[in-house]
Every structure is written in structure tokens, then in C-alpha cells.
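In what follows, chains are A, B, ... by sequence order, proteins preceding strands, each numbered from 1. Hydrogens, waters and symmetry mates play no part in the numbers below; they use all other heavy atoms, side chains included.
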Amino acid sequence: MIRLFDSARGEVCDLRLRDPGRVSIYVCGPTVYGPPHLGHGRFTLVWDVLRRWLTFQGLSVEFVSNITDVDDKIIARAAAEGRAESEVAAECEAEWWAAMALLGVARPDEVPHATDYVAGMVELIEALLERGAAYRTSDGVYFEVTSVRDYGLLAGQPLESLRAGARVGVSDEKRTPLDFALWKAAKPGEPSWPAPFGEGRPGWHTECVVMALDLLGEGFDLHTGGLDLKFPHHENERAQAAALGRPFARHWDHNGMVTVGGEKMSKSLGNFTSLTDLAARTDPRAYRLLVLRSHYRSPLEVNPSTVADAERALARLDAFARRFDLDPLAGADRLVLHDRHDFAEEADDLYERVAAALNDDLDTPLAVADLFEAVTAANQMEDEGRHGPARRLAHAVNTLFGAMGLGLRAGTDGVDDVTRRLVAERDAARAQRRFGDADRIRDQLVERGWVVEDGPAGTVVRRA
RNA sequence: GGCGGCGUGGCCGAGUGGUUAGGCAGGGGCCUGCAAAGCCCCGUACUCCGGUUCGAAUCCGGACGCCGCCUCCA
């Protein structure tokens, strides 16, 4: 069984499942109001890797991730552009899925939208009001954080010290500065829904409670998201469930932030790179590899140098795929299942080491290191003419990278007729030892964007 | 002010009480007509100061520095 860090406990512990063999995971998704950036890319990749790994090991994974499609920022943008909120949200969501496809992030099993769950949220808020955990003000309904004894569990701080540092704008009507809006009273020109406590729209912290409980049920296994959601967002979700006496997530886990020049990347700082820009600049698989090569809870520094580093490391893996004629085993919607037959004797040890690393708090950097060692080992065997063992080890490497969602690609496809002809001419020239001609043809191929490699079977070209 | 995390060789980045992380970059060699790819060899790192220990980068204490959260944020 996998061990994972639990943000509520503050330590790595066994992931104890509600139902043996089945894992239910809720990942806090995006608010769709702008282009997805590298930070979104990281969290989706991290939890995609976890999902894939658990699936690979034969667990039945129920993976839910929401889209927040009602929110202040969506409303603000819609107003600024004179468009309907739903139009802005739909457009941004389309961008989101396009970016996910580029990254090879598998689509969640369920993608609940906040606007589809307003009725459930209204019910939940009513129940909180009945229990005295929420109160009405002139501008909506607020949750009273003092109603939950262990409020601050995820923050790792008691309510008092959180209150002391609160920078929240103090509203006269709030009983405690940390109290948060469950429902925002309708304002002219804003989307709203009817409710017994007044027309309005839901606050951000309620939707996930309703959607997670509805789709995954009480006591679901794991709730994850970016570290910046730990407090107050997740704390507040927890508080609502706790106030109602409904078992919520059994485990919590959070991924580290993406940094640029050592500082957190965020839309508010304006130092973000969109995933579309990234994809225009590099093979998105390089970003997955970059993400895999750092621990998911550590900050991840992304800059041209770290990306270039990952690109070159990926090139090594692709060269490996070329040498052993490996087919990519992972794709956006392709989850690989563990197949014992993939693991020949030569690869038993590799599998054990990779599994041990990943099952120890998803230590992908260590797993990747093990796989790179295996790459060297297989190359070595091949050099020594031990083709069978080399090939079997290579296939295991491919399978395990596939289990983490990284498809190795030979990059030899897309060869057009002209290129094919040049390659044939070059082979002929080399066979006749007309090296001047051979070099001239190679220059032509390079000009056409190919890298030329002479292997045992003659000239092979691949995309530069 | 409170809470949490981090400080590893040129860079990225694991790990850990005594044994090579790994990748990238760099140097040397092998292979190659020359390359490319691949293989071999090379760096001998762990912020600083104390302490524990036969032995600490790894444990304890302190100092310094950096980052995150405490407001929207993945």
C-alpha cells in the first residue's frame, strides 16, 4: 500500500482506504477565468501521476476534479468584456481541457461544475443555519468558525493564532474575522439563484464539500490540491462537513508551488507562463519529466534553464526508445494497467525499486533515477550484444515511465518522400565510401530539420 | 507577530548515522569514414557554530539566509 503525506497529520502515513481495493480522490480544480499556467500544469500532473500509479497497481481509482464556474473573477471579467459569465467560463474551460490534452493529463472520471450543484449547496447552507454554525448578515450567509472545535487543523494552528494574524478585511457584521461567506446576496447584474435565505450565489468554499460528498460519498479517501489551498479553502471545507457531523476526507495532501526565480508563480504576481506558451516552446513531455524529477511537495523552479535540462534528459529517453523501438505507452486518456508479463526477470529488481519509491510518498525523483540507471544498464547490455535481456529491460523501463504518464517516443515518424530518398542516397553513398557526398546529403537533411544517425541498419533520421 | 518548509557538488535534484543517487552541463577515452546515439573514466558536495557519537551532510541545540501560508490563488 502507498504511504502519503497527510496534511492534517503533518506526516507521511499509510493511505488507509475506506473500501479495500478502491481509492476515491477529489482534486480541487481550477476556477475558469483565465489561461491555465504552469502552476495548474504542475498540480494536474502531480495528481495525474498518483492516479496513474494507483491504477497501474491494480486499484480501482475514482478520480473527481471540479470546475469552479461561478466566482468573483469570472463575474469581473465578464463585466469588463460585456459578456455573459457562462460564456467566459465555457471559453476558459475549453482552454483548460486543451491544455490538459497537451500535457497528457487524463480526464477525471467526473468533472462536477459548481453551477450544477447550487441546489445542493443551498441545502447544505440551510442545514448549517439550522445547526447554528452559520448566520445571516445583510450581504449573505456566513460560516461561524468558532462552531468547529478543531478549526485550524489543516493550518496547523489553533483558531486564536490564526485570528491574531488575520489580514481579512473586517466586516462589522462578521462575528469573527475568519468567518467566511457561504452565500453572497444577489447584486444587480450578477448571476444568482433563489434560496430560502435570499437570492444570491454560493461562496467558493461550499461547492467542493457538496460535490465531493455527492460523488464520492462520506469518508472518501483523499482530498488534494495546491498547497495554497490548504488554508483557508480546505480548512473551510472541512469545517462545514465537521459542523454537520459528516465524515469528510480521510486524508489530505497538497502539492508544492511552482516558483520562478525562487518566488511563487501566481496570476496575482503576474509572473506566470501559460501552458499554451510552454507547449509552443517545448515538448510538454519535458514539463512532465521536470515535474517528475522533483518531489511533489517541494517547490518546483521553472525557468528556461530547468526546462532545457528536462528537454535534454527527455532526448536521452527518446533516443533509448528509438534504439529499442519502444512504443509510447502513455497518453492523455490512456491509463496503463500493471501487467506482470511486462516484467521479465531482468526487470524484477527495477520494478521493486520503482514501486518502493513511488509507494513512499510518491517519490518520483527517486523512481526516475532508478529508471535512468536502468536505461544505462540496458544500453550497456545492448552494446555487449546481450540483445534479449537488454530489450526486456528496455520494455520494463518504457512500461514504468508509462505508468507515470510519460510516453517515450522514437521521433522517427513523419518521414516524407524527399527525406526518404535522401536517406537512401546517403546510404548508397556511404556504402560506396563516397563520404563527401554522404556529408553533403547529411547537411541537406539537417537543413530540413532532421538529426542524422547512422545505425547498424543504415541511416536513421529523427526530428531535431 | 503566528504556523510550516527549505538551505546538497557548475545547475536541477533524491537520499541518509559509516558504502556511487540520478539527470543536465564540463573534461578525458572507446566506438564511428566524420558525426549522432551509446559505453567507460573524472568532480569527491551537503549554510555556519556548538553538542551527542568510534563515526554526522544525516540526530540534538543555536545562528544566519531563503520560501510559503495566515486575503484571492493550483
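- The A:Ala369 side chain lies nearest to B:A21 when the options are B:G33, B:A21, B:A14.
- When both distances must be under 3.5 Å, the Watson-Crick or G-U wobble mate of B:C59 is B:G51.
- Taking atom C1' on both nucleotides, B:G7 is separated from B:A45 by 13 Å, rounded to a whole Å.
- For the P atom pair drawn from B:C41 and B:G23, the interatomic distance equals 12 Å after rounding to whole Å.
- Distance from the side chain of A:Leu229 is smallest for B:A74 among the nucleotides B:A36, B:A35, B:A74.
- As a whole-Å value, the separation of A:Asp427 CG from B:A36 P is 19 Å.
- Across the strands present, B:G10 finds its partner in B:C24; the criterion is a Watson-Crick or G-U wobble pair with both atom distances under 3.5 angstrom.
- A:Ala313 comes within contact range of the sugar-phosphate backbone alone, with a heavy-atom separation under 4.0 Å but no base atom that close.
- Base pairing of B:G38 is made with B:C30, judged by Watson-Crick or G-U wobble geometry with both donor-acceptor distances under 3.5 Å.
- Here the P atom of nucleotide B:G4 and the CD atom of A:Glu235 are 14 Å apart, to the nearest Å.
- Contact check, A:Thr376 against B:C39: a side-chain N or O comes under 4.0 Å of OP1 or OP2.
- Base pairing analysis places B:G43 opposite nothing; no Watson-Crick or G-U wobble pair with both distances below 3.5 Å involves it.
- Along RNA chain B, the nucleotide nearest to A:Glu373 and the one nearest to A:Arg430 differ in position, and the one closer to the 5' end is contacted by A:Glu373.
- The partner of B:G4 is B:C67, judged by Watson-Crick or G-U wobble contacts that both fall below 3.5 Å.
- Counting distance only, with no hydrogens placed and no angle test, the side-chain atoms of A:Arg426 and the base atoms of B:G33 include a donor-acceptor pair under 3.5 Å.
- As rounded to the nearest Å, B:G17 and B:G22 have C1' atoms that lie 23 Å from one another.
- Nearest to the side chain of A:Asp439, among B:C70, B:A37, B:G33, sits B:G33.
- Counting non-hydrogen atoms under 4.0 angstrom, A:Thr44 reaches nothing in the nucleic acid.
- Of the two residues near RNA chain B, A:Gly10 and A:Ser294, the one whose nearest nucleotide lies more 5' is A:Gly10.
- Looking at heavy-atom distances under 4.0 Å, A:Gly41 makes no contact with the nucleic acid at all.
- Here A:His233 lies out of heavy-atom contact (under 4.0 Å) with every strand.
- When ring centroids are compared, A:His395 and A:Phe324 stay outside the 6.0 Å threshold.
- As rounded to the nearest Å, B:C60 and B:G5 have P atoms that lie 12 Å from one another.
- Ring centroids of A:Phe220 and A:Phe248 are separated by less than 6.0 Å, placing the two rings close together.
- Between the side chain of A:Asp309 and the base of B:G23, a donor-acceptor pair under 3.5 Å is found.
- Aromatic ring centres of A:His254 and A:His234 lie closer together than 6.0 Å.
- Closest to the side chain of A:His37, out of B:C70, B:A74, B:G68, is B:A74.
- Summarising the base pairing, B:U19 is matched to no nucleotide, lacking a Watson-Crick or G-U wobble pair whose two defining distances lie under 3.5 Å.
- Listed nucleotides B:G23, B:A14, B:C70 differ in distance to A:Leu162; the shortest reach to its side chain belongs to B:C70.
- Base engagement by A:Gly39 is indicated by at least one non-hydrogen atom pair under 4.0 Å involving a base atom.
- Within the nucleic acid shown, A:Asp363 comes within 4.0 Å of sugar-phosphate atoms alone, with no base atom in reach, counting heavy atoms only.
- Here B:A74 is the nucleotide among B:A74, B:A21, B:C69 with the atom lying nearest to any side-chain atom of A:Tyr33.
- Among the nucleotides B:A36, B:A14, B:A35, the one closest to any side-chain atom of A:Asp454 is B:A35.
- In the set B:G22, B:C34, B:A74, B:G22 carries the atom at the smallest distance from any side-chain atom of A:Arg293.
- Only the C1' atoms considered, B:C42 is 14 Å distant from B:A25, to the nearest whole Å.
- Spacing between atom CD1 of A:Ile441 and atom C1' of B:C34 amounts to 15 Å, rounded to whole angstrom units.
- Classified by interplanar angle (parallel below 30°, tilted 30° to 60°, perpendicular above 60°), the ring pair A:Trp47/A:Tyr296 is perpendicular.
- Straight-line distance from the CZ atom of A:Phe320 to the C1' atom of B:C39: 13 Å, rounded to whole Å.
- When the nucleotides B:A74, B:G33, B:U71 are ranked by their closest atom to the side chain of A:Met265, B:A74 comes out on top.
- Remark: A:Asn379 is in phosphate contact with B:C39, judged by side-chain N or O atoms under 4.0 Å from OP1 or OP2.
- Annotation: cation-pi geometry satisfied between A:Arg297 and A:Phe5 (NZ/CZ under 6.0 angstrom from ring centroid, within 45° of ring axis).
- Within the cation-pi definition used here (under 6.0 Å to the ring centroid, within 45° of the axis), A:Arg175 qualifies as a partner of A:Tyr135.
- With distances taken from any side-chain atom of A:Gln157 to the nucleotides B:A74, B:G2, B:C34, the minimum falls on B:G2.
- Taking only distance into account, the side chain of A:Lys230 never meets the base of B:C69 through a donor-acceptor pair shorter than 3.5 Å.
- With rounding to whole Å, A:Asp228 atom CG is found 18 Å from B:G5 atom P.
- Salt bridge present: A:Arg448 and A:Asp416 bring a charged side-chain N and a carboxylate O closer than 4.0 Å.
- Of the side-chain N and O atoms in A:Arg316, one or more sit less than 4.0 angstrom from OP1 or OP2 of B:G38.
- The side-chain tip of A:Arg463 points at the ring of A:Trp450 from less than 6.0 angstrom away and within 45° of straight on.
- Counting any heavy atom pair closer than 4.0 Å across all strands shown, A:Val452 reaches a base atom.
- As rounded to the nearest Å, B:A37 and B:U19 have C1' atoms that lie 33 Å from one another.
- Across all strands shown, A:Val460 has no heavy atoms under 4.0 Å from either base or sugar-phosphate atoms.
- A straight line from CG of A:Leu393 to P of B:C39 spans 12 Å, rounded to a whole angstrom.
- Atom name P, nucleotides B:A56 and B:C66: the rounded distance is 30 Å, in whole Å.
- Separating the CG atom of A:Leu227 from the C1' atom of B:C3 is a distance of 12 Å, rounded to the nearest angstrom.
- Judged by the 6.0 Å distance and 45° axis criteria, A:Arg201 is not positioned over the aromatic ring of A:Trp183.
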Please lay out, stage by stage, how A:Arg51 and A:Asp109 fare under the test salt bridge (Lys or Arg N to Asp or Glu O under 4.0 Å). CA-CA 11 Å; A:Arg51 174 195 193 181; A:Asp109 297 309; 3.2 Å; yes
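- Residue A:Ser7 places none of its side-chain N or O atoms closer than 4.0 Å to OP1 or OP2 of B:G4.
- B:A21 sits 22 Å from B:G38 when the P atoms are compared, rounded to a whole Å.
- Between the CD atom of A:Gln380 and the P atom of B:A37 there is a distance of 18 Å, rounded to whole Å.
- Using a 5.5 Å limit on the distance between ring centres and a 30° limit on the angle between planes, the aromatic ring of A:Phe372 does not count as stacked on the six-membered base ring of B:G22.
- Judged by atom type and distance alone, A:Arg442 reaches the base of B:A35 through a side-chain donor-acceptor pair under 3.5 Å.
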